[in-house]
Structures are given as C-alpha cells and as structure tokens.
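Within every chain, numbering begins at 1; the chains are lettered A, B, ... in the order of the sequence lines, protein sequences first and strands thereafter. Remember, predicted model here, so these are calculated numbers, not experimental data.
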Amino acid sequence: MAESPITARTKDFAAWYQDVVLSGDMAEPAEIVKGCMVIKANGWAVWEVLQRELDTRFKETGHQNMYFPLLIPQSFLQKEAEHVEGFSPELAVVTIAGGKTLEEPYVIRPTSETIIGHFFGKWIQSWRDLPMLVNQWANVMRWELRTRMFLRTTEFLWQEGHTAHSTHEEALEEVLRMLDVYAEVSENVMAVPVIKGVKTKSEKFAGALRSFCIESMMQNGLALQAGTSHDLGQNFGKAFDVQFQSKEGQLDYVWQTSWGVSTRLIGGLIMSHSDDKGLVLPPKLAPNKVVLVPIYRKDEERASVLEAAHKIAKEVGAKLDDREGQTPGAKFYHWERRGVPVVLELGPRDVASGNIVLKRRDTGTKEVVAQAEIAARVAAVLEQMQTDLYDAAKKRLNDNTVLANSIGEVEEILKPVTAEKGGGKFVMVHMKDDAICDARVKEFKATIRCIPLVDEYDGPGKCVVTGEAVDRRVVVAKSY
RNA sequence: CGGGCUGUGGCGCAGCCUGGUAGCGCGCUUGCUUGGGGUGCAAGAGGUCCCGGGUUCGAAUCCCGGCAGCCCGACCA
C-alpha cells in the first residue's frame, strides 16, 4: 500500500494545505514566475462553477459584464491620494514596450477603480445615466512579498464590481446588496459560514469611505477575509471628475462602490472542508458530483458490468470511470483526493442483486442501494452532504468563538495561536474603531477582523482599550 | 523585504561533512497476473544533480553570486 501523499492536519497544517491543493489537482506553483501558480484542471473547474454561481447573481441584480485594459497609466493611480499610497508598494510597472522606454509607464492593474473611474467620467453626464452597474472578470497583479496558492498569489483572478450612483444612500444599498450576494454564495454554495461586518478605518480599502467584508473561519481557527464591498463615497468621482447633472439641474459627483471576490475563495473552500485524505468539495461546487467505478474480473463480467454502469451513470449524471489498466482501488483513491462528493461502486455482485454501492466523501460511509432507487438516493445524499458540510463548518465557527472582557484576556487567548499549531479563535470583545485599538491587537499579531453588522451578543459595552462606550463587540482573530 | 530550511530521473528522498564512473522507493513502459480501497512478478525506459562563476587533474559534493519553493516575521484579496 502506498503512503498517503497528504500530511495530517494535526502534524503540519500548512503542509496539509499544500498537499491537498497538489494532490487534488487544484494548482501547483508556477516556479518559473515568482509567486504565481498554475491553476490545474480540477481547480479551474471549481472556479468555473463558482464564477457561474456568482455571475448569475450579478446579472440578476442588474449588473453587466465589461472588460477594461490590463495596463493602467501610472498617473491614474496617483489621482487618489490614499489609493496610490495603499497600492504603490505592490505594483508591477511596465517601463519598456516595443523596444522603447515609455514616456509614461503603465502599471499592471492591482485593481481597476482608477481606469474605470476614467471611463465613468466619459460615460456619465446625467442622472439618467445612473446607476451605472458594471462588473469585470479579470486577472490582477499585486507584488506580494509572501505567497500561498489560492490564498495570496502575485497574479490572481477575481471579479470586480464597479458602480456609480446619484446618492450616497443608493450606493450604500448597493454595497450591502453585493455583500449579501457574497455571503449567500459562500454559505449556500460553498457551505462556508461567514460573518458580515465593517472593517475598521485602519483596515479599510485604500481610497474607500468604508469597507464591508465577509469573514470565515478555517479549520485551524484562523480568519480568512472572503470578500469585500466598498463604499467609495465620492473619492474616485472627484479624482476622475465623474460629474452628473441631477433632476434639479445641479452638478454633483457620483457616489461609487466596488466589490470583489477572488480565487482566494477556493483556498477558503479547501481549508474549510477538506480532510487528511484530501480535498472535499461541497456538491454544489463539485465539477463531478458523482463518479461511478465499475468492478469486474472476467470478460463476460466486464461486458455486463459496463452495460449496467453506462445505464446508471447516464441516469444519475455520473462520470463513468471506465479507464482500463487501473484497479478499482486506485480509482477510489484518485477520486477521493479530488474531492468528488459521491462515488458509486458497481460490480458483478451488484449486477446480480440489482443493487449498487454508494460512498460519501465527507463521512466515508458506504450504503447499498437498489439500482431502481439510485438516482433519487444520490440526489438526496448530495443535498444532505451540502447541508452537513455547512453545519459542521458552522459548528466549528460557533465552538471557536469566545467572549473576552479585557484586552489581557484577548491577548492570552490569541497570542499562542499560529497557523500550523491551530487553535485559533474568534474573540468577541468590546473595542472601538480607533487606530489605537488596531495597533494594540497587532502587538500579538491579531487583527480586528470586523465590526459585525448584526450583533449576536450583549449589545453595548466599554472599549477594553480606550474605555469609551461602543455599541457592540467586534471580532478579533489571527488571520491569513 | 529580513530570518530559517530546501533544490539530485515525473514524485518523495539518500549521497555532500571527508571531491574520484549518480543511487533507492514510488510512478512510468511492455508482458503475464490481479481486480469490492493504492494487486503481484519479471523485464525495461528515464538524470543539464536549480542557474552562473570560482577552486581543483577532477565538483552533486568545497567557495562566491543569483533564481525558485516552503516556513516564520513585516505588508496584503
């Protein structure tokens, strides 16, 4: 028997993650290009499903897809002071093209607020042009100093929504609407529970008035920011002179939003559900929900098994793994590592009895089902697995969320937490949105993840750092 | 970008200290066998020892420089 290619989570969480990504055919480091990865077949297939789920919802909420240039004139970044300050350190810049030094360098987009702001300025004149609701599926580049596959790579794929509105109220509605879309996809499609919240001023997007986010918890208790939605106010409207004339005839700057999720979601997905045997995919995101492995010895068995297998595979929408020269055992491991939710086994015994064996990826349980009922049973099991994965993740989140009433307590809980050792917690504590507080938790490598939109705890209290009154507890945790 | 570890057939590693014809396991190919959780046996194929420079009669091995990966930190979707 071959050694498991996967390091146990308890032994080394980071190595486990790496092993799951590699053996699940999700991605591998590009190596020849620093910090970049090759997204492999299974990883790309998951991304396609996720894209489809998101894109459908964006269109349902009135957005249209467009595509803007990869290269942005360097001066554009400089038009919004906070924005340039936030992104400058991680820009890749094109200075030579066509064999000549460019008069003005281009930056490879780290995000597209600036270039889209420019075009909004061209396209918007009247209140009738608003709201402008645009989304872009694209790659972006940020020269990160430390990379991990899916969680943070130099180049990554994402969608960025950019909208312009005539009032702040309407823009804010949009910001929250898209945050809800992210939360809904995360919970219902990815089976990853999230906390919706607002970032502190120190943590907000460079150039935004306020940033909203969804935060999720990985199996080691670390937080992962899974999506963000920004209230940009009129900052970019002013920087790019995007003005419109209102119904009353007044000129005003547009109110903008931007929101995005990236391939990081896949990293979160992996760290939420997978186990020591490899990848576990929630049925709604699995490119192959069901795989049927036929089992036979003799030629006459082969013929009858394959005939029944083809019929059943078609009926339940399963992929039939009829590769020759691979034993069934090898095939079971193959699909297990790739996270396929349900594997069906069909051998001579089953053909004779009219049954089939169904195995669930998450629980590892096997059951014998009558062939006549397999389609209905598979559907029910997939649905159950989707719910169970969410419930398990939700339970983990709840079990690892604790209250604290002093900064000392927070420090005691979070200080020893590391990504490898695990034991991470979400600590709910009263704390003010003040740079002093952000700096204080940073002393023990934690961050204020967010101020939850919905207070599920005990309401107002005194900030454990400044002593000032605050209206609810915030989430403090270590994060990726 | 600072610190640590690493880089040797596709993958995982040994060899390096003490320089002298490049090895093991897995995988791969072919044949037989086997097949309900990585089947067994046999015969094969496959290597610029990360890159560049230096020392040496001779470098995977020693020295210098670079690149990349992983981990820790600072920065971040």
Side-chain angles (χ1 to χ4, degrees), chain A residues 1-7 12-15 17-19 21-23 28-37 85-91 110-111 138-160 182 199 202-206 211 213-215 224-230 258-268 277 293-299 301-302 305 323-337 343-351 353 355-357 359 364 366 368 418-421 442 445 447 479-480:
Chain A
M1 201 165 69
E3 288 283 310
S4 169
I6 298 171
T7 309
D12 184 342
F13 195 84
Y17 175 74
Q18 185 92 205
D19 291 343
V21 169
L22 292 171
S23 65
E28 69 178 52
E31 295 194 334
I32 49 166
V33 188
K34 185 177 169 63
C36 293
M37 64 176 169
E85 194 191 332
F87 282 102
S88 283
E90 51 192 55
L91 292 177
T111 179
N139 55 341
V140 290
M141 182 162 270
R142 298 181 186 178
W143 214 260
E144 302 288 355
L145 298 173
R146 183 173 178 191
T147 57
R148 294 171 206 249
M149 284 187 286
F150 290 114
L151 297 178
R152 179 171 299 105
T153 44
T154 302
E155 178 187 10
F156 58 96
L157 304 183
W158 76 347
Q159 59 69 217
E160 45 181 329
Y182 290 158
K199 285 289 181 191
S202 309
E203 295 278 328
K204 74 177 174 61
F205 176 76
S211 290
C213 63
I214 51 173
E215 293 285 330
L224 184 76
Q225 179 178 314
T228 47
S229 187
H230 311 293
S258 70
W259 28 275
V261 293
S262 70
T263 33
R264 166 181 276 191
L265 286 178
I266 295 175
K277 293 176 188 161
V293 176
I295 299 155
Y296 44 78
R297 303 181 199 200
K298 309 176 189 92
D299 274 355
E301 282 177 352
R302 180 175 179 276
V305 166
R323 288 174 296 165
E324 297 290 346
Q326 290 266 35
T327 60
K331 291 179 181 177
F332 295 147
Y333 280 101
H334 177 87
W335 296 112
E336 182 169 76
R337 283 199 298 268
V343 171
L344 300 175
E345 310 176 14
L346 185 77
R349 288 206 303 259
D350 306 299
V351 171
S353 66
N355 291 327
I356 187 164
V357 177
K359 179 161 186 192
K366 278 188 185 183
V368 178
T418 64
E420 328 83 75
K421 281 187 292 183
K442 202 172 178 179
K445 320 287 184 211
T447 44
S479 70
Y480 275 102

* To do: Have a look at A:T327 and say if it touches a base, only the backbone sugar-phosphate, or nothing, with a 4.0 Å heavy-atom cut-off.
  => base
* To do: Select one nucleotide: of B:G36, B:A77, B:G35, the one nearest the side-chain heavy atoms of A:R349.
  => B:G36
* Asked: What interatomic distance, in whole Å, is found between P of B:G53 and the corresponding atom of B:G58?
  -> 15 Å
* Looking across every strand, which nucleic acid part, if any, lies under 4.0 Å from A:Q225 by heavy atom: base, sugar-phosphate, or nothing? -> sugar-phosphate
* To do: Sticking with atom P, work out how far B:U6 lies from B:C16, rounded to a whole angstrom.
  => 14 Å
* To do: Mind calculating the distance between CD (A:Q326) and P (B:G38) to the nearest angstrom?
  => 13 Å
* A:W143 CH2 - B:A74 C1' separation (whole Å) -> 19 Å
* Asked: Could you state the OH-P distance from A:Y333 to B:C26, rounded to the nearest angstrom?
  -> 17 Å
* Which whole number of Å gives the distance between the P atom of B:A22 and that of B:C49? -> 10 Å
* Distance, rounded to the nearest Å, where A:I6 contributes CD1 and B:C26 contributes C1' -> 16 Å
* Span that lies between the C1' atom of B:G38 and that of B:G46, in whole angstrom -> 23 Å
* **Under-4.0 Å salt bridge between A:R302 and A:E324** => yes
* Nearest-nucleotide comparison on RNA chain B, the residue closer to the 5′ end among A:Y296 and A:T153 -> A:Y296
* Asked: Is the shortest side-chain N/O distance from A:K34 to OP1 or OP2 of B:G66 below 4.0 Å?
  -> no
* Asked: A:F150: what forms a ring pair (Phe, Tyr, Trp, His ring centres under 6.0 Å) with it, not counting sequence neighbours?
  -> none
* To do: Check whether any side-chain nitrogen or oxygen of A:R264 sits under 4.0 Å from OP1 or OP2 of B:A77, and answer yes or no.
  => no
* Between the main-chain N or O of A:K199 and the side-chain N or O of A:E203, is there a donor-acceptor pair closer than 3.5 Å? -> no
* Between B:G35 atom P and A:D350 atom CG, what is the distance in whole Å? -> 16 Å
* Structure fact -> Across every strand shown, the nucleotide meeting Watson-Crick or G-U wobble geometry with B:U34 (both distances under 3.5 Å) is none
* To do: Answer with base, sugar-phosphate or nothing: what part of the nucleic acid does A:G260 contact at a heavy-atom distance below 4.0 Å?
  => nothing
* Select base, sugar-phosphate, or nothing to describe what A:V293 touches, counting heavy atoms under 4.0 Å on all strands. => nothing
* Please determine, for the side chain of A:F332, which listed nucleotide (B:C70, B:C75, B:G36) has the closest atom? => B:G36
* Asked: Under the 5.5 Å and 30° test, is A:F156 stacked on the base of B:A77?
  -> yes
* Asked: If you check the A:P348 side chain, which of B:G36, B:A74, B:A77 turns out closest?
  -> B:G36
* How far, in whole Å, is B:G40 from B:G2 if one measures between their P atoms? -> 49 Å
* To do: Classify the nucleic acid contact of A:K331 as base, sugar-phosphate or nothing, counting any heavy atom under 4.0 Å across all strands shown.
  => nothing
* Structure fact -> Ranking B:A77, B:G38, B:G35 by distance to the side chain of A:E144, first place goes to B:A77
* Value in whole Å for how far the C1' atom of B:G12 lies from CD of A:Q18 -> 14 Å
* Asked: Under 4.0 angstrom, heavy atoms only, what part of the nucleic acid is A:G325 near: base, sugar-phosphate, or nothing?
  -> nothing
* Select base, sugar-phosphate, or nothing to describe what A:R302 touches, counting heavy atoms under 4.0 Å on all strands. => nothing
* Asked: Is there a Watson-Crick or G-U wobble partner for B:C1 with both distances under 3.5 Å, and if so, which one is it?
  -> B:G73
* Mark yes or no for whether A:Y182, through its side chain, and A:G260, through its backbone, hold a donor-acceptor pair below 3.5 Å. => yes
* According to the Watson-Crick and G-U wobble definitions, with both distances under 3.5 Å, which nucleotide is paired to B:C67? -> B:G7
* Base partner of B:C57, which must satisfy Watson-Crick or wobble distances under 3.5 Å -> B:G20
* **B:C75 and B:C63, which share atom name P, separated by this distance in whole Å** => 36 Å
* To do: For nucleotides B:C67 and B:C41, find the distance between their P atoms and express it as a whole number of Å.
  => 47 Å
* Any donor-acceptor pair under 3.5 Å from A:S23 side chain to A:R337 backbone -> no
* To do: Could you check whether A:E345 gets within reach of a base, just the sugar-phosphate, or nothing at all, counting any heavy atom under 4.0 Å?
  => base
* Rounded distance in Å - CZ (A:R148) to P (B:A77) -> 15 Å
* Atom-to-atom span, NZ of A:K298 to P of B:G35 - whole angstrom -> 9 Å
* Which base, if any, makes a Watson-Crick or G-U wobble pair with B:U39, both distances under 3.5 Å? -> none
* **Closest-nucleotide ordering on RNA chain B, the 5'-leading residue of A:D12 and A:K366** => A:K366
* Which value, in whole Å, describes the distance between the P atoms of nucleotides B:U55 and B:C64? -> 15 Å
* To do: Might you confirm whether atom CZ of A:R323 has over 12 heavy atoms from other residues, nucleotides or ligands at distances under 6.0 Å?
  => yes
* Structure fact -> Testing B:A77, B:G35, B:G69 for proximity to the side chain of A:E31, the answer is B:G69
* Name the nucleic acid region contacted by A:S258, choosing base, sugar-phosphate or nothing; use a 4.0 angstrom heavy-atom cut-off, strictly under. => nothing
* To do: Give a yes or no answer on whether the side chain of A:R297 reaches the backbone of A:P348 with a donor-acceptor pair at less than 3.5 Å.
  => no
* Using modelled atom types only, decide if a donor and an acceptor are shared between the side chain of A:Q159 and the backbone of A:V261 within a distance under 3.5 Å. => yes
